[in-house]
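Have a look at the structure below, then the notes.
Reminder, nothing fancy here: chain letters follow the sequence lines and each chain counts from 1.
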Amino acid sequence: GAGVSQSPSNKVTEKGKDVELRCDPISGHTALYWYRQRLGQGLEFLIYFQGNSAPDKSGLPSDRFSAERTGESVSTLTIQRTQQEDSAVYLCASSLIGLAGGRGSEQFFGPGTRLTVL
Amino acid sequence: QKEVEQNSGPLSVPEGAIASLNCTYSDRGSQSFFWYRQYSGKSPELIMFIYSNGDKEDGRFTAQLNKASQYVSLLIRDSQPSDSATYLCAVSFSNDYKLSFGAGTTVTVRA
């Protein structure tokens with residue numbers, strides 16, 4: 001079936017504005033992850049959703065960041081009062097299951113949203 | 001602090017040669033190991049995963065895992081110019097589902 005999709009592909013905003021990024025996981029995947037990749041740097045974990053369990057928000061860099069997921073489908077990542085250091089590519093991934101190790105835990109990434117904060 | 005380290009690049013190999021990429025990780029209890037390929041300006045693409053000690057082959061790619069040495073490697077045989085990309089090692093630490101990524105190794109295959 002279709003892969004992970006994200007929208008918008010690019011977002012340019014002014015400092016202080018709020019932005020909302022969207023992720024549609026692979027159909028049937030119960031686990032969904034958000035990562036951030038700053039220019040020339042590695043991927044940083046932000047947040048994880050698994051079914052109806054409470055999300056793991058341990059990677060969110062500040063309280064300006066929040067995310068929601070509707071059931072086992074769409075997720076939105078919201079950044080309030082954006083700052084220039086928020087400029088990065090925001091990547092969403094999904095996996096069939098959310099357990100550590102073993103088949104089904106492979107994460108597949110979407111194309112990302114490139115956020116530029118002026 | 002749990003870490004994933006990759007050999008520093010860039011790595012330049014001639015077309016047809018073997019490219020060898022190395023990755024070490026700090027948590028002995030780590031369970032899942034992944035290699036992603038990332039072309040410039042694109043998102044990571046999963047190319048290999050390995051969960052048990054030994055070798056796993058898929059086409060021109062071979063992943064090797066040695067949990068005792070906390071080491072995972074990726075071999076690319078018969079390297080092609082289209083293999084030129086950054087290769088990311090990712091590890092799922094003990095009882096954890098999120099991935100920790102290495103900084104990546106950039107590979108350039110010379111035609």
Side-chain angles (χ1 to χ4, degrees), chain A residues 3-7 9-10 21 23 25-26 29-51 53-60 67 88-114, chain B residues 1-10 21 23-25 27-53 56 58 61 63 65 67 72 85-106:
Chain A
V4 178
S5 60
Q6 293 186 246
S7 62
S9 55
N10 282 284
L21 313 179
C23 171
I26 294 171
H29 280 197
T30 64
L32 185 149
Y33 315 75
W34 284 97
Y35 294 85
R36 177 173 71 177
Q37 187 173 33
R38 289 191 168 119
L39 186 63
Q41 298 188 21
L43 278 76
E44 306 170 68
F45 166 78
L46 296 177
I47 188 168
Y48 157 81
F49 295 91
Q50 166 64 53
S53 301
D56 176 355
K57 305 179 182 180
S58 60
L60 294 179
V89 176
Y90 289 81
L91 292 158
C92 176
S94 70
S95 64
L96 187 61
I97 59 174
L99 298 177
R103 296 302 301 268
S105 66
E106 303 86 24
Q107 296 182 25
F108 299 91
F109 284 85
T113 294
R114 182 176 299 277
Chain B
Q1 182 174 348
K2 297 177 178 177
E3 294 180 345
V4 179
E5 295 190 1
Q6 297 184 238
N7 51 327
S8 59
L21 306 172
C23 175
T24 58
Y25 55 95
D27 183 3
R28 184 171 293 277
S30 297
Q31 299 178 332
S32 307
F33 309 87
F34 306 88
W35 284 97
Y36 286 85
R37 177 175 63 197
Q38 187 172 29
Y39 292 114
S40 180
K42 301 295 185 181
S43 64
E45 173 192 359
L46 180 65
I47 55 171
M48 287 289 285
F49 56 90
I50 187 166
Y51 302 128
S52 54
N53 278 329
K56 179 182 178 182
D58 184 0
F61 298 103
L65 176 61
K67 290 187 177 181
V72 58
T86 297
Y87 290 80
L88 304 173
C89 173
V91 177
S92 173
F93 292 126
S94 306
N95 300 316
D96 204 353
Y97 30 70
K98 59 182 176 284
L99 296 179
S100 293
F101 284 84
T105 301
T106 299

* B:Glu45, part contacting chain A, at a heavy-atom distance under 4.5 Å -> neither
* To do: Give the ring-plane orientation class for B:Tyr36 versus B:Phe101, where under 30° counts as parallel, over 60° as perpendicular and anything between as tilted.
  => tilted
* Asked: Where on B:Phe33 is there a heavy atom nearer than 4.5 Å to chain A: the side chain, the backbone, both, or neither?
  -> neither
* Interchain contact, A:Gln37 with chain B, by part (heavy-atom threshold 4.5 Å) -> side chain
* To do: Look up atom CD1 in A:Ile47 and atom NZ in B:Lys98, then write down how far apart they are to the nearest 0.5 Å.
  => 11.5 Å
* Structure fact -> Distance col, row A:Phe108:CZ vs A:Glu106:CD, nearest 0.5 angstrom, shows 5.5 Å
* Side chain from CB out, backbone as N, CA, C, O: work out which of these in B:Leu88 comes under 4.5 Å of a heavy atom of chain A, or both, or neither. => side chain
* Please flag which part of A:Leu91 lies under 4.5 Å from any non-hydrogen atom of chain B: side chain, backbone, both or neither. => side chain
* Structure fact -> For B:Val4 and B:Ser100, the nearest pair of non-hydrogen atoms, with its separation, is CG2-O, 3.5 Å
* Identify the two heavy atoms, one from A:Pro111 and one from B:Ser43, that lie closest to each other, and give their separation to 0.1 Å. => CA-OG, 3.7 Å
